[in-house]
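Remarks on the structure that follows.
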Protein chains: 2
Amino acid sequence: MSGPAAVRPQPFEGGDLATFDALWSALAPIGRDPHTGGYRRIGFSAAVRACEAWFVAEASQRDLVVERDGNGNLLAWWRPEPERVDHGVITGSHLDSVPDGGAYDGALGVASALAAVDVLRQRGVRPARPLGIAVFAEEEGSRFGVACLGSKLMTGAIDPARAVVLHDAEGARLADVVDDGYGQAFGAGRQLGPSLELLRQPIAYVELHIEQGRGLADLGAPIGLASTIWAHGRWRFRFAGEGNHAGTTRMADRRDPMLTYAMTALAANKRARLAEAEAGGDGARATFGRVEVEPNAANAVPTAVTGCLDARAPTTDAVQRLVDDIHRQARDRAVRDGTTLTVTAESVTPAVDFDPGLRHRLAARLAARFGDVPVLATQAGHDAGILATAGVPTAMIFVRNPTGVSHSPAEHAEPDDCRAGVLALADALEELLVR
Amino acid sequence: MSGPAAVRPQPFEGGDLATFDALWSALAPIGRDPHTGGYRRIGFSAAVRACEAWFVAEASQRDLVVERDGNGNLLAWWRPEPERVDHGVITGSHLDSVPDGGAYDGALGVASALAAVDVLRQRGVRPARPLGIAVFAEEEGSRFGVACLGSKLMTGAIDPARAVVLHDAEGARLADVVDDGYGQAFGAGRQLGPSLELLRQPIAYVELHIEQGRGLADLGAPIGLASTIWAHGRWRFRFAGEGNHAGTTRMADRRDPMLTYAMTALAANKRARLAEAEAGGDGARATFGRVEVEPNAANAVPTAVTGCLDARAPTTDAVQRLVDDIHRQARDRAVRDGTTLTVTAESVTPAVDFDPGLRHRLAARLAARFGDVPVLATQAGHDAGILATAGVPTAMIFVRNPTGVSHSPAEHAEPDDCRAGVLALADALEELLVR
């Protein structure tokens with residue numbers, strides 16, 4: 001993280017932000033749960049289709065040409081005159097959410113991109129390159145269990161043969177829901193699989209996203225730039241014991257996998273807290289947020305408990321050490337409990353370093369409006385990380401999150417910070433489009 | 001628990017047990033999961049219907065008259081000549097199982113009752129009173145969440161107005177599935193609700209059941225009699241925290257209810273183990289076997305975790321102290337974790353003392369064949385407990401379980417012990433029927 005940004009008044013010059021407010025208001029009700037206020041924009045659901053319809057309508061109103069690949073990813077193009085189709089700049093994000101997620105994660109990047117086009121046109125900017133606004137499919141992985149599914153398919157980071165057999169909790173196959181309702185519109189009907197050619201050799205991908213921690217809030221800065229994405233992954237810890245009657249089985253006779261799981265969840269937390277304290281801030285994360293119990297009956301000692309460990313650290317080595325430590329403690333406890341443990345790595349993503357040249361260029365441009373812009377690591381996976389790994393020069397702009405809360409109905413960004421984000425994105429795109 | 005039984009050879013005199021073996025073989029395949037070897041005889045399911053069809057066919061073959069109440073409970077009557085319908089003896093058990101349960105829990109009592117009729121007839125016993133073989137519906141509560149549902153409805157222990165709105169995980173209503181497929185047969189088509197008059201003022205209910213602990217195995221005895229059912233109940237512990245992103249939320253900033261749950265599950269186990277050690281054997285049981293996580297996503301700190309505590313102890317006071325202690329530790333930890341805790345008692349069943357006069361009479365009779373029969377408390381709920389609470393003089397005969405494992409595919413009883421159980425039940429019924 002770089003030094004604190006100079007706190008200066010936001011002038012909001014160089015762009016009418018009324019269109020952003022209108023875009024945001026129109027999107028806000030779609031997929032919102034009336035009870036929690038959270039969002040249920042689950043990949044390829046009716047709610048996501050409605051968000052996409054909003055996007056297509058807004059893009060068409062701006063004379064942007066919409067394309068779609070076989071993976072459900074959308075692209076809306078603003079092409080220069082005289083027309084040029086390649087070596088453009090891509091921006092955008094995603095419109096899906098985790099179950100009961102917040103309004104900003106993903107959607108803010110898409111709405112800001114549309115608003116940034118309005119700002120650039122108001123400024124009379126005549127782009128020398130195409131600008132593509134991307135909406136990546138199923139970024140959260142809430143439906144098919146693979147995070148950044150759309151961008152991973154686009155870049156070939158996931159084998160289409162593996163993706164084609166993915167199915168959701170109700171048994172629906174990815175291949176069947178991707179095109180549902182689109183027919184041949186925008187190029188739908190293609191096969192699942194690599195489609196990076198759709199981006200046409202971009203010189204940069206710039207994704208605006210709400211920050212999902214409190215880094216900018218602590219620094220008093222409305223926007224920031226990303227340095228890296230931490231290494232992260234998911235490990236399945238399956239504890240097996242002996243299913244038995246909860247009433248008649250003596251405590252001393254049990255082999256209860258719930259106990260081994262419970263101790264492991266506490267140990268994981270303790271280990272990551274220690275790493276955090278040693279680092280004086282961001283050291284590591286370890287979370288058991290998903291648990292499956294067999295048979296999950298109130299009157300039965302479980303046969304098996306499976307917990308999913310989400311672990312993250314600044315480097316791939318550090319995350320492996322973290323998981324190894326937790327694994328060792330779990331194994332020791334399993335011996336005491338008479339249970340057995342199987343650990344399976346489900347996905348392990350190495351750390352991503354965003355393009356330093358691109359970051360320095362954008363930092364220099366943004367300094368004119370924002371002063372010294374903080375540069376932060378992020379612990380969250382993003383489509384930007386997938387594109388960076390595929391070789392696209394990539395940058396991320398973060399918008400301040402006053403509480404750091406995300407993946408929750410309480411996720412929030414102040415309207416003025418969102419507007420600052422639109423101007424920052426417009427400035428960054430102008431920097432890249434006109435030269 | 002009384003002193004150890006004299007270990008003596010089982011003579012297997014006084015009855016041809018071939019019919020028991022045939023009954024058991026015919027029932028064994030119904031509802032068995034080919035992968036686990038466990039049983040999925042879930043209340044009112046097709047598998048239970050098939051078990052009931054087996055029962056009705058076997059009863060009819062024995063000229064027993066089958067009746068059915070409005071709650072799905074079946075009764076097969078052997079009436080004396082000259083005919084008498086009241087002040088009979090009831091035996092039986094249930095045919096449903098927990099998901100992936102064992103073959104013996106419930107079914108052994110029903111098959112043994114049919115075989116005992118054969119034994120009594122071979123002996124030339126002419127009953128002075130009717131004998132009714134009962135099959136109680138949904139004893140395990142696996143489908144509608146209420147244990148001993150059939151016997152509770154029969155005795156009025158559960159309000160029919162509460163039962164009529166019960167629904168299963170798929171939304172099917174109890175009222176709609178009870179009569180499904182029976183039309184008006186055996187008195188089907190009646191309303192849910194009290195039906196104790198169907199038993200016609202019995203002088204005794206005697207239920208044979210596989211033991212669900214290792215009491216008889218430790219004593220080297222093939223059969224035993226029940227003294228009491230422990231007080232037991234279910235308490236819902238709901239831990240609420242703050243849903244958040246598993247990657248970006250610093251460890252120190254979390255309010256993670258999974259931690260409070262995990263510590264509580266460990267504390268409950270420790271507290272019950274301590275009570276057990278202090279009692280030098282059976283002191284208390286505490287189990288968290290069912291957990292629900294919201295939103296149960298791998299990359300989200302949970303919003304809430306709900307665990308169901310199954311707690312049991314010899315007396316109602318002791319179980320309340322156990323739950324209070326666990327509650328206090330959970331509350332203390334919640335303060336540390338920044339979470340909140342709500343505890344709701346879902347069902348609390350006081351201890352049941354079985355009729356001592358009936359037990360002594362049966363013990364005296366069984367001593368002729370088995371010597372001194374052990375008398376054990378049970379920690380499991382049974383239809384016998386419901387009938388005892390409703391004022392029916394009640395006894396239970398347990399059959400040795402060599403490992404104590406129950407509610408699991410590994411539940412087992414040796415064939416010779418099952419045959420000893422049939423003879424014990426025949427002896428007990430003869431004792432009660434001829435005087």
Side-chain angles (χ1 to χ4, degrees), chain A residues 98-100 141-142 147 211-214 230 232 234 242-253 256 258-259 261-263 265-266 269 272-273 276 281-282 284-291 293 295-303 308 310 312 378-381 404-408 410, chain B residues 98-100 141-142 147 211-214 230 232 234 242-253 256 258-259 261-263 265-266 269 272-273 276 281-282 284-291 293 295-303 308 310 312 378-381 404-408 410:
Chain A
V98 296
D100 218 27
S142 300
E211 198 200 342
Q212 296 176 289
R214 292 194 320 196
W230 280 17
H232 62 281
R234 291 180 191 175
E242 183 177 52
N244 220 325
H245 193 292
T248 56
T249 316
R250 281 192 193 155
M251 304 308 295
D253 291 344
D256 184 351
M258 185 67 83
L259 304 177
Y261 164 71
M263 182 277 180
L266 293 172
N269 182 266
R273 285 179 73 101
E276 184 168 280
D282 289 311
R285 310 273 193 268
T287 310
F288 278 96
R290 182 180 179 88
V291 180
V293 182
N296 209 29
N299 63 347
V301 176
T303 307
C308 189
D310 181 301
R312 311 189 189 215
T378 174
Q379 296 77 29
V405 171
S406 187
H407 283 193
S408 154
Chain B
V98 296
D100 217 28
S142 300
E211 199 201 342
Q212 296 176 288
R214 293 194 321 197
W230 280 16
H232 62 280
R234 291 181 192 173
E242 183 177 54
N244 220 324
H245 192 293
T248 55
T249 315
R250 283 191 192 156
M251 304 308 295
D253 291 345
D256 184 351
M258 185 67 84
L259 305 177
Y261 164 71
M263 181 276 177
L266 293 172
N269 182 266
R273 284 180 75 100
E276 185 168 280
D282 289 311
R285 308 274 192 270
T287 311
F288 278 96
R290 182 179 179 87
V291 181
V293 182
N296 209 29
N299 63 348
V301 176
T303 307
C308 190
D310 181 301
R312 310 189 190 215
T378 173
Q379 295 77 27
V405 170
S406 187
H407 283 191
S408 154

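If you're wondering where the values come from, they're calculated on a predicted model, not measured in any experiment. Convention: sequence-line order gives letters A, B, ...; per-chain numbering from 1.
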Honestly, the part of V293(B) sitting under 4.5 Å from a heavy atom of chain A is side chain

Shortest non-hydrogen contact between G243(A) and V405(B), atoms and distance: O-CG1, 4.1 Å

Interface moiety of A272(A) toward chain B, non-hydrogen atoms closer than 4.5 Å: both

State, to 0.1 Å, how close N244(A) and S406(B) come at their nearest heavy-atom pair, and which atoms those are. OD1-N, 3.0 Å

So for R312(A), is it side chain, backbone, both, or neither that comes closer than 4.5 Å to the heavy atoms of chain B? side chain

Segment of A284(A) engaging chain B (4.5 angstrom heavy-atom cut-off): backbone

Do you know the tightest heavy-atom contact between Y261(A) and M258(B)? OH-SD, 3.2 Å

Comparing G281(B), P295(B), A300(B) against chain A, the one with the most heavy-atom pairs below 4.5 Å turns out to be A300(B)

Taking the side chain as every heavy atom from C-beta outward, state whether T287(A) and T249(B) have any pair of such atoms under 4.5 Å apart. no

Where do A380(B) and T248(A) come nearest, in terms of heavy atoms and distance? CB-CG2, 3.6 Å

Is chain B contacted by the side chain of E242(A), its backbone, both, or neither, given a heavy-atom distance below 4.5 Å? side chain

Which heavy atom of L266(A) sits nearest a heavy atom of L259(B), and at what distance? CD2-O, 3.5 Å

Part of D100(A) lying under 4.5 Å from any heavy atom of chain B: neither

Quick check: do N269(B) and M251(A) have side-chain heavy atoms less than 4.5 Å from each other? yes

Go through C308(A), A297(A), A147(A) and name the one with the most non-hydrogen pairs under 4.5 angstrom from chain B. A297(A)

Specify which of A265(A), S408(A), P302(A), A246(A) makes the most heavy-atom pairs with chain B at under 4.5 Å. A246(A)

Does A252(B) offer a backbone N or O that forms a donor-acceptor pair with the side chain of E276(A) under 3.5 Å? yes

Considering residues at least two apart in sequence or located in another chain, which fulfil the side-chain hydrogen bond (donor to acceptor under 3.5 Å, both in side chains) criterion with R234(A)? none

Choice from A286(B), A298(B), A410(B), G213(B) maximising heavy atom contacts with chain A below 4.5 Å: A298(B)

Hey, is the main chain of V291(B) close enough, under 3.5 Å, to the side chain of N296(A) for a donor-acceptor pair? yes

Separation between CD of E211(B) and NE2 of H245(A), rounded to the nearest 0.5 Å: 11.5 Å

If you count heavy-atom pairs under 4.5 Å with chain A, which of D253(B), D256(B), T303(B) comes out on top? D253(B)

Mind ranking A262(A), G289(A), G141(A) by heavy-atom pairs under 4.5 Å with chain B and telling me who comes out on top? G289(A)

